[in-house]
Amino acid sequence: MGVTVLRLGHRHYRDQRLTTHVALTARALGAEKVILSGEKDEKIIGSVKDIAKRWGGDFEVEYEKNYRRIITNFHGVKVHLTMYGLRVQDKMKDIRGEKDVLLVLGSEKVPGDVYHMVDYNIAVGSQPHSEVAALAVFLHEYFRGKELEKVFGGAKIKVRPHECGKSFFTS
Ligand code: SAM
């Protein structure tokens with residue numbers, strides 16, 4: 001099972017931190033790839049690649065201006081996260097049955113046609129909040145908590161979990 005996250009509508013000045021957090025959350029919680037769309041931002045792409053290299057695993061970062069092409073050509077189940085969608089707790093059983101998932105996240109207003117291009121419009125609670133929160137909850141439900149056991153192979157740096165204070169391994 002693989003999850004690709006498609007982040008729509010990145011705006012250079014407003015969304016830098018949030019888009020970076022979308023990518024890092026996707027990586028940390030089990031997704032294979034993030035595709036950024038909207039304004040191209042080499043700084044974010046570079047910094048996420050750098051973190052992925054140092055902290056291990058096979059996470060990929062790509063940019064595609066034409067996000068509709070990504071949605072149209074994706075082979076697998078296409079899920080758009082939106083507070084207007086059906087409840088994640090009601091639909092996750094069906095979504096989990098599919099091998100590959102494209103998870104579409106907005107930033108500013110998501111164009112109406114996106115709602116019709118996907119297989120599911122899914123809400124993580126029917127209240128407005130954040131794409132990072134929606135992504136994290138969706139991945140946690142999708143992987144049933146197993147994402148927290150993921151091993152990041154080839155890491156140059158690892159945290160040694162500690163009751164108090166900070167401790168790292170480096171190689
Ligand atoms: N106003 C925008 C719209 O109408 O599409 C949404 C803005 S919201 C800050 C940014 C993104 O967070 C949304 O596009 C959606 O992907 C995600 N999001 C926010 N609340 C959500 C919820 N309750 N369930 C699922 N996704 C949510």
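Atoms within each ligand, like the ligands themselves, are counted from 1 in listed order.
Geometric assessment of K166 against the ring of F168 yields a negative cation-pi assignment under the 6.0 Å and 45° thresholds.
The nearest non-hydrogen atom to atom 7 (C) of ligand 1, considering only G106, S107, P128, comes from S107.
Residues L148 and F143 fail the side-chain proximity criterion, which asks for heavy atoms closer than 4.5 Å. Residues V5 and V22 are in side-chain contact: their nearest non-hydrogen atoms beyond the backbone lie under 4.5 Å apart. At a threshold of 4.5 Å between non-hydrogen side-chain atoms, the residues V114 and L8 count as touching.
A donor atom on one side chain and an acceptor atom on the other are not found under 3.5 Å apart for H162 and S167. Side-chain contact, D100 with H75: no donor N or O sits under 3.5 Å from an acceptor N or O.
Shown in contact with A134 at under 4.0 Å from a heavy atom are these atoms of ligand 1, numbered in order with element: 25 (C), 26 (N), 27 (C). Atoms of ligand 1 found under 4.0 Å from any heavy atom of L105 (numbered from 1 in listed order, with element): 16 (O). If you number the atoms of ligand 1 from 1 as listed, the ones under 4.0 Å from a heavy atom of G125 come out as 22 (C), 23 (N), 24 (N). Counting atoms of ligand 1 from 1 in the listed order, those under 4.0 Å from a heavy atom of T82 are 24 (N), 25 (C), 26 (N).
A centroid separation of less than 6.0 Å is found between the aromatic rings of Y115 and H80.
For ligand 1, the polar-atom distance check finds an N/O of L81 within less than 3.5 Å of one of the ligand's N/O atoms. For the pair Y84 and ligand 1, the shortest N or O to N or O distance does not fall below 3.5 Å. At least one N or O atom of H129, backbone or side chain, sits closer than 3.5 Å to an N or O atom of ligand 1.
Under the 30°/60° scheme for interplanar angles, the aromatic rings of F138 and Y142 are found to lie parallel.
The protein heavy atom nearest to atom 17 (C) of ligand 1 is E131 CA, 3.8 Å. Nearest protein heavy-atom contact of atom 24 (N) of ligand 1 is V124 N, 2.9 Å. Shortest contact from atom 5 (O) of ligand 1 to any protein heavy atom: V110 N, 3.4 Å.
Contact annotation: I122 has at least one heavy atom less than 4.0 Å from an atom of ligand 1.
Of the charged side-chain nitrogens involved, none lies within less than 4.0 Å of a carboxylate oxygen, so that K49 and E60 do not count as a salt-bridged pair. A salt bridge is absent between R96 and E98: the closest approach of a Lys/Arg side-chain nitrogen to an acidic carboxylate oxygen does not fall below 4.0 angstrom.
Put simply, atom 1 (N) of ligand 1 has no protein non-hydrogen atoms near it, under 4.0 Å away.
Residue contacts with ligand 1, taken as heavy atom pairs separated by less than 4.0 Å, do not involve H80 at all. Within the 4.0 Å heavy-atom criterion, neither part of A133 lies near ligand 1.
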